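The structure appears right after this line, and notes come after that.
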Amino acid sequence: MDMKSVEKKWQEQWEKSKLNVFNKKNADNKLYVLEMFSYPSGANLHVGHWYNYGPTDSYARFKKMQGYEVFQPMGFDAFGLPAENFAIKTGIHPKDSTEKNIATMEQQLKNMGAMFDWTAEIITCQEDYYKWTQWLFLQLYKKGLAYRKEALVNWCPDCETVLANEQVIDGKCERCNSVVLRKDMTQWFFKITDYAEELLADLDKIDWPEKTKLMQKNWIGRSTGCEVVFDCETGDKITVFTTRPDTLFGVNYVVLAPEHPLVNTLKAAHPENAQAIDEYVRYAAEANDIDRLSTSREKTGVFTGAYAVHPLTNQQVPIYLADYVLYSYGTGAVMAVAAHDERDFEFAKKYNLPMTQVIQKKGGETALPFCEDGILVNSGEFNGLSGSEARDAIAVRLTKLGKGGKKVNYRLRDWSVSRQRYWGAPIPMIHCEKCGVVPVPEKDLPVKLPYDVEFRPTGKSPLASHEKFMHCTCPKCGGAAERDPDTLDTFVCSSWYFLRYPEAHNDKAPFTKEVANKMSPVDVYVGGYEHACMHLLYARFITKALRDMGYIDFDEPFKRLVHQGIILGPDGNRMSKSRGNVVSPDKYIDEYGSDIFRLYLMFGFSYTEGGPWNDDGIKSIAKFLDRVERLVVKTAESPIVKSEGLTKAEKELNYAKNFAVKNIVRDAEAFSFNTSIARIMEYVNALQKHDNEHEETSEFFKDCILDLLRMLAPFAPHFCEELWEICGKKTSVFKEAYPVADEKALVKDETEYAVQVNSKIKAKALIAEGMSNEEIQTFVSALPEVAPFLEGKTVKKCIVVKGRLINLIVG
RNA sequence: GCGGUCGUGGCGGAACUGGCAGACGCGCAAGACUAAGGAUCUUGUGGGUAACUCCAUGCAGGUUCAAUUCCUGUCGACCGCACCA
């Protein structure tokens, strides 16, 4: 079969018959199967795209044949840094390169033969999409979930630009390798932390890989502990967070992060230390990520001269500044217990601070620092309590005294969405001298991204230099005002795109409640695990926020999630241009076509594992399809002999068929395509064998061949359409129902069992259906291979595992 | 450092809930058909042994009638987080 022309023929046919277009009339029966959309950074699809989209398309086709109205859209996540960086390097405008890449990729995706519903295509960099991304921003702003604050950004001094976190590799700029600094800028944030608890709790409700859920769980980082208030000599209060209130009597000093707002007050109170404090704050600010990355880094800090009062003992404890305390976590201040915390211990040792042991190992000598649970000592009335008892008791006491109490903390930080970059959706906000920050009225959306922008780095957001863009009138007072020069993180674009697909052409709204509730959530979502803590978390957050704003009625965007594995280079490393181990799918497509390539991707790897590329097996897949073709064509051309009932051989074939169907269905549902295909191969072997042994072609055999095409169709779609036609069928094989296993055909009169004596296999025996355990024991005991082992011994126990084995325990 | 995943033939990989380890395929070997075979078909293929059988799922233990599967320890590979108080 000339695969290339066959594939072209059916792709055209499918387009003409609208086979892949979702039929809204059947929406009650919908199945929303979604692959993560493509980033159009390169012109060609790479193996990873094929591996994500090919097998998932087979899944979608399989479900379609099972009777679902499958919605499988595709689009492009088209804003973002690579296009802009490419532009900076080559001078080609991001819009131009992106559009060109999209055109190429669309064609390649069509050549793949996946049943994408192109009528629902979305491209995030187009006005009719980012208009609604901006709308989303405004809703979050209205709801108080978008706010502005000063925050540190990654700053590359050489490129004179802000870098996104993903552009910082080991503390260095991914492009020029210079050390990245941190710089304070006012930025927009989304308040994802408001949803920390629900994001964590609802992980239990979704069918996602456990490791992904665990990653999100760790990322959210819930920890329960206690807040403790220390009165500062200046009259201020210092609140610290601790998970170990049981060590409260061991506090030796209090540490503030260098960025802590109280630092200036303390400095003013102790001018004698002002210089040292200033120096340390500057030192900490200049410390770059490389230093901070190193956990072995020596602890540094400075004494402020000030003291605070211990809430329970009323003792004076000194206040230090140290950058091992992170301003962004907890309260930005900690109580230091040198005897029971490794970091505090290290710091205390370095600065010769006292240590007070308050926890003792049960019954033993205690070497410091001792960070495990133990029995309280030197803790007044709390002496003798265990760790957990003490944590409760001390928290209760603090609450009573109004000096703190139980508190839950999260590691999750708010989502910074401002990007000082050009190629993104402009933030729909206006800065007016008189009215402050004013949102762009919804009727004025989109805030269009101008084309004629100098995107080469100047140290400012590129849009800031575009006068026409920047100047505007304040919607509130009508006076002159300026637009926000930043653009939105591309993760904002992708945080809601699944809601847009079903209404891709709605120009009145991003989506409607009615359609969204009907079509979403996505039933099966397939994409890379690298998005575990970014896209997948953001989309969950936005879904919940939209729900709380009344736009949708469901809690989670993706009911079931599957991660495909990664296809590595032949050398076992990740494919990369610098390694020179990139495998391009193009030459394989050229030689074998899409079906064979896709089939090989499904058969040669465990889908969720992936593995090193190796093309040894592609030929064998081509051979396999050749065999199928010969068998089908021969059968189609043979005269059919009518018969009544099934012969013994046909019964066996019927068993083989139903066994195959049962397992294919189960495995395809689990995205275990390699075993699904293995079962199809076995079935083909059985058909082949039957055909070799029989001159005539029975009606039953022909039906078996047709079922084979139905079984194989999702996995080799063009190929099976062609053979289906050769068999004289006028309608698409994808209008057929996927075969269903007939359980009756799977019941055998007798089953082969392994017979063991004392767990060692001695024989195989055919056991008739319905024999009792006693009958079985009598029967196998008499077997010539078994009997000698039982001579002179008694059978103490006979274990029968239905359909598998019999184990006689003798002694 | 913390958390997680995974170690199975020459290779890719199977093994559903603890139940015949190595499905399916590649590769290899032998044979058939052939003028020819890098086509096709048939058969064989974890290792040792002449054989009975024995040894084999990284390594060492344990639980069990039975362990690739469960538990403990250990080695190795990969991934995520990383001063989170």
Side-chain angles (χ1 to χ4, degrees), chain A residues 209-212 214-219 221-223 225-226 228 240-244 247 255 257 292-297 299 322-326 328-337 340-344 346-347 371 409-413 529-530 532-533 566 568 572 574 600 603-606 608-609 611-621 623-624 626-627 630 662-663 666-667 670 672 674-685 688-689 692 752-764 796-811:
Chain A
E210 286 304 320
K211 69 171 180 188
T212 310
L214 191 67
M215 271 167 79
Q216 288 207 353
K217 197 180 156 189
N218 292 339
W219 188 263
R222 184 183 204 272
S223 66
C226 198
V228 185
V240 305
F241 175 73
T242 179
T243 53
R244 294 292 303 274
T247 64
V255 197
R292 292 192 79 104
L293 272 173
S294 144
T295 36
S296 58
R297 179 175 176 231
K299 302 271 177 291
D323 71 355
Y324 76 88
V325 175
L326 305 176
S328 49
Y329 181 76
T331 60
V334 304
M335 57 178 226
V337 183
H340 304 293
D341 181 282
E342 276 182 33
R343 295 151 302 184
D344 300 338
E346 223 183 288
F347 189 82
C371 306
N409 235 306
Y410 300 92
R411 253 174 63 178
L412 184 69
R413 317 273 166 79
Y529 70 85
E530 64 274 14
C533 297
I566 297 171
L568 305 169
R574 265 180 183 250
Y600 175 62
F603 182 65
F605 304 85
S606 163
T608 52
E609 298 291 317
W613 174 257
N614 175 323
D615 57 14
D616 287 350
I618 293 191
K619 267 199 196 115
S620 74
I621 293 291
K623 270 197 230 172
F624 167 67
D626 274 347
R627 271 177 69 203
R630 282 196 302 274
K662 186 176 175 166
N663 288 287
R666 189 195 65 197
D667 292 352
S672 176
N674 52 349
T675 51
S676 283
I677 293 165
R679 299 292 89 79
I680 297 178
M681 287 173 168
E682 282 169 351
Y683 178 48
V684 170
N685 290 344
Q688 183 83 60
K689 186 161 174 260
N692 291 345
E752 190 185 70
Y753 280 62
V755 183
Q756 299 181 331
V757 177
N758 285 341
S759 307
K760 303 258 183 208
I761 293 179
K762 299 299 177 192
K764 302 277 168 98
K796 288 197 262 183
K797 207 169 161 190
C798 172
I799 294 155
V800 178
V801 181
K802 196 168 186 317
R804 303 220 176 238
L805 63 70
I806 298 145
N807 191 3
L808 299 170
I809 312 302
V810 303

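Because the structure is a prediction, the values reported are computed rather than measured. Every chain is numbered from 1, with letters handed out A, B, ... down the list of sequences.
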Practice task
May I ask you to say what N663(A) touches in the nucleic acid, namely base, sugar-phosphate or nothing, with a heavy-atom cut-off under 4.0 Å?
Solution key: nothing
Handout entry: Gap in Å between the two P atoms, one belonging to A66(B) and one to U43(B), rounded
Key = 38 Å
Exercise for the section: Heavy atoms only: give me the nearest D344(A)-V337(A) pair and the separation to one decimal. Expected result: OD2-N, 2.9 Å
Fill in the blank from the handout: Comparing nearest nucleotides in RNA chain B, the 5'-proximal residue of the pair T675(A), Q756(A) is T675(A)
Exercise for the section: Return the orientation label for the W613(A) and F605(A) ring planes: parallel under 30°, perpendicular over 60°, tilted otherwise. Expected result: parallel
Practice task
For L805(A) and for V334(A), find the nucleotide of RNA chain B with the closest heavy atom, then tell me which residue's nucleotide is more 5'.
Solution key: L805(A)
Problem - P gap between G1(B) and G47(B), integer Å - result: 41 Å
Exercise for the section: Determine: side-chain N/O of S672(A) to OP1/OP2 of A14(B), distance under 4.0 Å, yes or no. Expected result: no
Exercise for the section: Record whether the side chain of K796(A) comes under 3.5 Å of the base of C65(B) through a donor-acceptor pair of N or O atoms. Expected result: no
Problem - Under 3.5 Å donor-acceptor pair, D616(A) side-chain atoms to C26(B) base atoms - result: no
Practice task
For F624(A), report the nucleic acid contact type (base, sugar-phosphate, nothing); a contact means any heavy atom under 4.0 Å.
Solution key: nothing
Exercise for the section: Assign K623(A) to base, sugar-phosphate, or nothing according to its heavy-atom contacts below 4.0 angstrom with the strands shown. Expected result: sugar-phosphate
Exercise for the section: Pick base, sugar-phosphate or nothing for E752(A), based on heavy-atom distances below 4.0 Å to the nucleic acid. Expected result: base
Handout entry: Touch class at under 4.0 angstrom, heavy-atom based, for G604(A) against every strand present
Key = sugar-phosphate
Exercise for the section: Mind checking R627(A) for me? I need base, sugar-phosphate or nothing, with any heavy atom below 4.0 Å counting as a touch. Expected result: sugar-phosphate
Handout entry: Between A82(B) and G76(B) - P atom distance, rounded Å
Key = 25 Å
Handout entry: Backbone N/O of K764(A) and side chain of Y753(A): donor-acceptor pair under 3.5 Å
Key = no
Practice task
Say whether, by atom type as modelled, one donor and one acceptor occur between the side chain of N807(A) and the main chain of S759(A) under 3.5 angstrom.
Solution key: yes
Practice task
Classify the nucleic acid contact of R413(A) as base, sugar-phosphate or nothing, counting any heavy atom under 4.0 Å across all strands shown.
Solution key: base
Practice task
Look at the side-chain N and O atoms of R630(A) and state whether any lies under 4.0 Å from the OP1 or OP2 oxygen of A39(B).
Solution key: no
Practice task
Tell me what D626(A) touches on the nucleic acid: a base, only sugar-phosphate, or nothing, going by heavy atoms under 4.0 Å.
Solution key: nothing
Practice task
Would you mind classifying the nucleic acid contact of R666(A) as base, sugar-phosphate or nothing, using non-hydrogen atoms under 4.0 angstrom?
Solution key: base
Problem - Under-4.0 Å side-chain N/O to phosphate OP1/OP2 contact, Y329(A) with A85(B) - result: yes
Handout entry: Rounded distance in Å between the P positions of U8(B) and G13(B)
Key = 10 Å
Problem - Between N409(A) and S223(A), a side-chain donor and acceptor under 3.5 Å - result: no
Practice task
Compute both the distance and the angle, then confirm whether K299(A) meets the cation-pi test with Y324(A): under 6.0 Å from the six-membered ring centre, within 45 degrees of the axis.
Solution key: yes
Exercise for the section: Give a yes/no on whether any side-chain N or O of N692(A) is located under 4.0 angstrom from OP1 or OP2 of U42(B). Expected result: yes
Exercise for the section: Pick base, sugar-phosphate or nothing for S223(A), based on heavy-atom distances below 4.0 Å to the nucleic acid. Expected result: sugar-phosphate
Handout entry: Side-chain-base donor-acceptor pair under 3.5 Å for R244(A) and A85(B)
Key = no
Practice task
Give a yes/no answer on whether the side chain of N807(A) brings an N or O atom under 4.0 Å of OP1 or OP2 in U64(B).
Solution key: no
Practice task
Please check the phosphate of A14(B) (OP1 and OP2 only) for any side-chain N or O of N674(A) closer than 4.0 Å.
Solution key: yes
Practice task
Between G48(B) and A67(B), how far apart are the P atoms? Round to whole Å, please.
Solution key: 25 Å
Exercise for the section: Please state whether the base of C79(B) and the side chain of K211(A) form at least one donor-acceptor pair under 3.5 Å? Expected result: no
